[in-house]
Amino acid sequence: MATTASTPLGVDNELALRMYRQMVRIRAFEEAANELYRGAKMPGLTHLYIGQEAVAVGACEALRRDDFITSTHRGHGHCLAKGADVNRMFAELLGKGAGYCRGKGGSMHIADFENGNLGANAIVGGSAGIATGAAQSAKMRGTDQVVVCFFGEGALGQGLVYEVMNMAALWKLPVVYLCENNQYNEYTHYSETTAGEVVARAAGFGIPGEEVDGQDVLAVNQCVRRAVARGREGGGPTFVVANTYRFHGHHVGDVDRAYYRTKDEEEDWKTNRDPITRLGARLVDAALASPEQLESVANEAREEIAAGVRFALDAPFPAASEVTDDVYA
Amino acid sequence: MATTASTPLGVDNELALRMYRQMVRIRAFEEAANELYRGAKMPGLTHLYIGQEAVAVGACEALRRDDFITSTHRGHGHCLAKGADVNRMFAELLGKGAGYCRGKGGSMHIADFENGNLGANAIVGGSAGIATGAAQSAKMRGTDQVVVCFFGEGALGQGLVYEVMNMAALWKLPVVYLCENNQYNEYTHYSETTAGEVVARAAGFGIPGEEVDGQDVLAVNQCVRRAVARGREGGGPTFVVANTYRFHGHHVGDVDRAYYRTKDEEEDWKTNRDPITRLGARLVDAALASPEQLESVANEAREEIAAGVRFALDAPFPAASEVTDDVYA
Amino acid sequence: MSTLETQAPSGTRVITQSQAVNEALAEELRRDSTVYIIGEDVAEAGTPFKVMSGLVEEFGPERVIDSPISEPGITGLALGAAMTGMRPVVDIMFGDFLTLIMDQLVNQAAKIRYMSGGHFKAPLTVRTTLGATRRSAAQHSQSLHAWVAHVPGLKVALPATPADAKGLMKAAIRDDNPVVIFEDKMNFATKGPVPDDDDLVLPLGVADVKREGEDVTIVATSSMVYVALEAADLLAGDGISAEVVDPRTLVPLDRDGLIRSAQKTGRVVVVDEGHQSYGASAELAATIAAGAFWELDAPVQRAGALDVPIPFSPVLEDQTVPTGESVYELAKGLVR
Amino acid sequence: MSTLETQAPSGTRVITQSQAVNEALAEELRRDSTVYIIGEDVAEAGTPFKVMSGLVEEFGPERVIDSPISEPGITGLALGAAMTGMRPVVDIMFGDFLTLIMDQLVNQAAKIRYMSGGHFKAPLTVRTTLGATRRSAAQHSQSLHAWVAHVPGLKVALPATPADAKGLMKAAIRDDNPVVIFEDKMNFATKGPVPDDDDLVLPLGVADVKREGEDVTIVATSSMVYVALEAADLLAGDGISAEVVDPRTLVPLDRDGLIRSAQKTGRVVVVDEGHQSYGASAELAATIAAGAFWELDAPVQRAGALDVPIPFSPVLEDQTVPTGESVYELAKGLVR
Ligand SMILES: Cc1ncc(C[n+]2csc(CCOP(=O)(O)OP(=O)(O)O)c2C)c(N)n1
Ligand SMILES: Cc1ncc(C[n+]2csc(CCOP(=O)(O)OP(=O)(O)O)c2C)c(N)n1
Ligand SMILES: [Mg+2]
Ligand SMILES: [Mg+2]
């Protein structure tokens, strides 16, 4: 997984292709999730990651399998990028027994123990403590695991984030605070809720901050790789701000968005800053892939996703009696 | 109260003398409080402000009577500096009906509505919201009141502080966050609990920070005056860090301190950085007061305090039936 | 007064609970310039549930304030404002986020009047939600009103109908104490008649008999009132006459009103959507069991949410909340 | 087993509650390298109450960690550590600061096992205090255990004696779930016999009869056990034999144990230092009133803290907490 400057894109070719495939899988997953909602096949609501794929993929491809992540209400992308299985994810979204959480968690609580995903979280900023504690645990247990804590820029409103940053800095914990600034806290532009410069938020705690183009998966990967290396070597936490955009609504039901953002703005991001199109173009330019090859990656993804949807639709619900299981260990 | 550069100390002579007197009154008050504790005449514990007098006095002398402050568990100095009556304060410390809170609050909850003291607070950082809300209220009500929010450097551990700083900055609220860095969070040096530079803590929220010698009442006054003017004129919040030291224990019962700080360190501060001695020397040097005059200020203060103690000792306890009063308005 | 008809009696309009709350807020914003709203996405979005639609348009962004995602912070700000002359309404989007504001609410707002010996007051309203079955899983489905009711200095209102929602909201805003008002988010679209009265202020502390009966009393809070009425219908089919009593506020609590009904019927089921153990149903049951001890013919039964975090999967979630059927069974078991 | 003697029976030592907790922590730190302590001033200071004196000297600052004043933060950190192989003990200096950690405790720690379908566990102990009468006023005197007990996924222990404090602390640390253990800060110096057993692990969920009796049952938690015993002595003077039952843990709750005693005596007083309304006493009373309905000869009485913020002034504060005398009066009123 080492970065090689001699490769045309500045990263290992295999890695670049893998990141492309991962982004495409996430996109297809989310489109299917939206369809499940619109077809009234998914209980509740869900928050789509479409548009932000480069962040999860760039970051998770900088991690080992035994490294940890914590995720958010917009967590499918993180989960897939960290290695989760499509079938078990869809099953969870539909509340089926075969889901990652046996149907008890749903979209907002997907966790994947085997791949180090400590869980999505429906409390904004709520996983910052868990991430930092996992980093402290790694240090105490003497492993060299690193943790990436994903959160939206809205979480910068939560005091908890600063409390744990302080401790991470004090104790040089191996954690990367990865703020995905997708410009909106629900239906409010972040500039109305966030004073000062986003990237400056960690400096007061002695934590270096770095801003990165969240639509450029290669840049995200490089940036997070540096932060992870720092953490692994005992250098302590890093704050990374990835500027990005959610192409869809805050959640699947948020379809009339004109009152808080313009169609033009949406179109601009979709047309000019789609992370998948961008990497695709670069792969083709660098002759690392042909358009046909990319299309076949997309087809494979669509098939995998379609199979996952079928699996989940066919899977049985948990038995009603399971409701009292798992309250206590 | 305007600052005049032509005066020998750079501030109005009257003001300088008044600040001297106020610091002396606080010192005498606290010494009496300590005696009350040691004589088993005061219920519970209390946290002495001795050593930090220049901060409260310098700051409150930059305020109007109708400006607000919020205070802390170490709050007697703030309360006196904002204009409170000694008798009612001692009465509160002893749980008497004549106290500011009719005996219900005690040392940690003294509040003084008439002089804009919104209350001491026994939750570290707990008053940061109240202070910021009072500032928002001043703005909404169209007054030009300003709020000074006093807190110890330990409160920088509380997430609430950052949440409200963000809002104060966003909405340009007239509040001064005044961090009294007396070096210790209880029995732990602040450097063990506080990453980065203290004064940098507000910059990430777009709030200017300024550090001041908390043992120099003139410097504190100048600094807070600038911050208050900024707030009053609609310029928004300021973060001020006053470096200071508590000469006594964390609370009156904390007498064996060797395990967390040296006698040498204490002696150094007491000998070389006593805010009262310092201002006294400058007043004498500038021929604004003679040593005899200063001594008579001290005597007056001691008399006032002694009378206050007598008042409080003689005052009756509240009737037991008052226990159910004041729960609801 | 039974307010559960959807036909409008004269002098009333049938509107949704959401509209009722909207009207209450608008009317209070109009009549008192110190009233304002602060919360996440309350302005242009009118809250994610659209309860506040139109308010920012009428009252402007200075009085309907979109905040950062800082529940502790906005609660603290509101308290400071309340102590200095304003009457804030804090919107906490989901009742589950009360976890974040407990310090500001409990250690600060609830106690400031008492700790200051009556010198300060905190006329502060916290508007939030309770209730499960929205398939929102464990962090968006809790009913945490029992915590708040346990804290002296706070008042707690749980409106079940549009009229109660309006009348209690207006009362909360005008009250000089911190009041936490819980709306069941499953009921925003529930309709009912609301008196044409822009001064519809309900007294806090008065229970409401939602249906009169003789054989068994069902004490029910918030949307559990509808569950209780459903159970009462089923019981009627068996010739059992059930009285449904809604305390409407947990603090102050109309203990006499509850005990009176229990003394009349001699049999009581308490239904509340909080978790059953150590929940509001325990206080209501204990109060009735002691207060109507000599008149009770059977033990007081309780039905609360199952003592499990609320699961996502519909088949599981549906097990957790009392239903008309389950309450019917409980009540029937008492009457025998 | 009555553990209230201060004479040491053979195989026991008489030590203070504070020493008992210290021993429990030291023993668990010694036997399991994944156990560690985090909190404010826990290391060199050994906590402001000196409960942890000597621990940092033996186990080092890596395992007895002084933290910033960040209650939510340290609880969150501990949870993350617990989920990944450690067994943290979080020290929350005063129970009043639970207000600050409710989100991490309730929305995160309590639910992670359930939400993850059993894939994660959170072996986390929160050690904190309850109790008034230290003249510490409203923000340092609360007994908030009822809140915690209301949350499925959390366990709650309330030791009354040194032996229970030791045995429950060790059980909490070894338990694979989040356990919140409340110590009454007025009892740190209280002495009692503790078995010479470095494997003194009490089962969670087993009530303890602190005194046997026939005529009336006093159910008492935490230091209210001493109040109950005092009342029992006074009652004995009147020829009334009182049984004192200590649930020891609120979750799990030994409902059968409580009901059994109530069935035997037919009269019950519940004493708990939380505020009376919507407090733990309500659950205990409601459980007993329903479970022993047919055997009860009188209504179940409750004695909790007065429903007011705890005042500073001694003359006022002394009104707020049940006393031996006040419980004696209540119990006597039942027996007539
Ligand atoms: C503590 C808390 N407050 C409010 C909410 C409701 N809520 C859910 S998502 C969201 C916006 C989050 O914005 P951001 O962190 O930027 O993430 P994004 O949705 O943009 O990915 C809000 C306010 C919540 N879940 N948790
Ligand atoms: C939220 C909270 N946590 C812990 C405490 C216990 N406590 C009281 S004072 C104090 C230290 C405060 O340090 P600092 O803010 O620097 O103020 P100082 O005592 O130095 O004036 C602590 C930890 C508290 N009162 N509130
Ligand atoms: Mg966002
Ligand atoms: Mg300090």
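Remember, predicted model here, so these are calculated numbers, not experimental data. Reckoned from all heavy atoms, side chains included, excluding hydrogens, waters and symmetry mates.
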Can you say whether [X] sits under 4.5 Å from chain A via the side chain, the backbone, both, or neither, judging by heavy atoms?
{"X": "C/I69", "answer": "both"}
{"X": "C/Q319", "answer": "side chain"}
{"X": "C/D307", "answer": "backbone"}

I need the [X] [atom1] to [Y] [atom2] distance, nearest 0.5 Å.
{"X": "A/S107", "Y": "C/F312", "atom1": "OG", "atom2": "CZ", "value": "7.5 Å"}
{"X": "A/H250", "Y": "C/D41", "atom1": "NE2", "atom2": "CG", "value": "8.0 Å"}
{"X": "C/R134", "Y": "A/L45", "atom1": "CZ", "atom2": "CG", "value": "6.0 Å"}
{"X": "A/E192", "Y": "C/S67", "atom1": "CD", "atom2": "OG", "value": "11.5 Å"}
{"X": "A/K104", "Y": "C/S313", "atom1": "NZ", "atom2": "OG", "value": "9.5 Å"}
{"X": "C/F94", "Y": "A/I123", "atom1": "CZ", "atom2": "CD1", "value": "9.5 Å"}

Margin query: Would you say CD of A/E266 has more than 12 non-hydrogen atoms from neighbouring residues, nucleotides or ligands within 6.0 angstrom?
Written below: yes

[X] versus chain C, heavy atoms under 4.5 Å apart: side chain, backbone, both or neither?
{"X": "A/N121", "result": "both"}
{"X": "A/Y187", "result": "both"}
{"X": "A/A319", "result": "backbone"}
{"X": "A/L94", "result": "backbone"}

Beyond-backbone contact of [X] with [Y], side-chain heavy atoms, under 4.5 angstrom:
{"X": "C/M93", "Y": "A/E186", "value": "yes"}
{"X": "A/P318", "Y": "C/L316", "value": "yes"}
{"X": "C/T320", "Y": "A/V323", "value": "yes"}

Notebook entry, point to check: Looking at A/G157, A/S321, A/G253, A/G99, which one has more heavy-atom pairs under 4.5 Å with chain C than the rest?
Noted result: A/G157

Next item on the list: Kindly indicate, with the supporting measurements, whether the criterion side chain to side chain contact (heavy atoms under 4.5 Å, CB included) is fulfilled by A/M42 and C/R135.
Entry: CA-CA 10 Å; A/M42 184 177 63; C/R135 318 315 183 198; over 6 Å; no

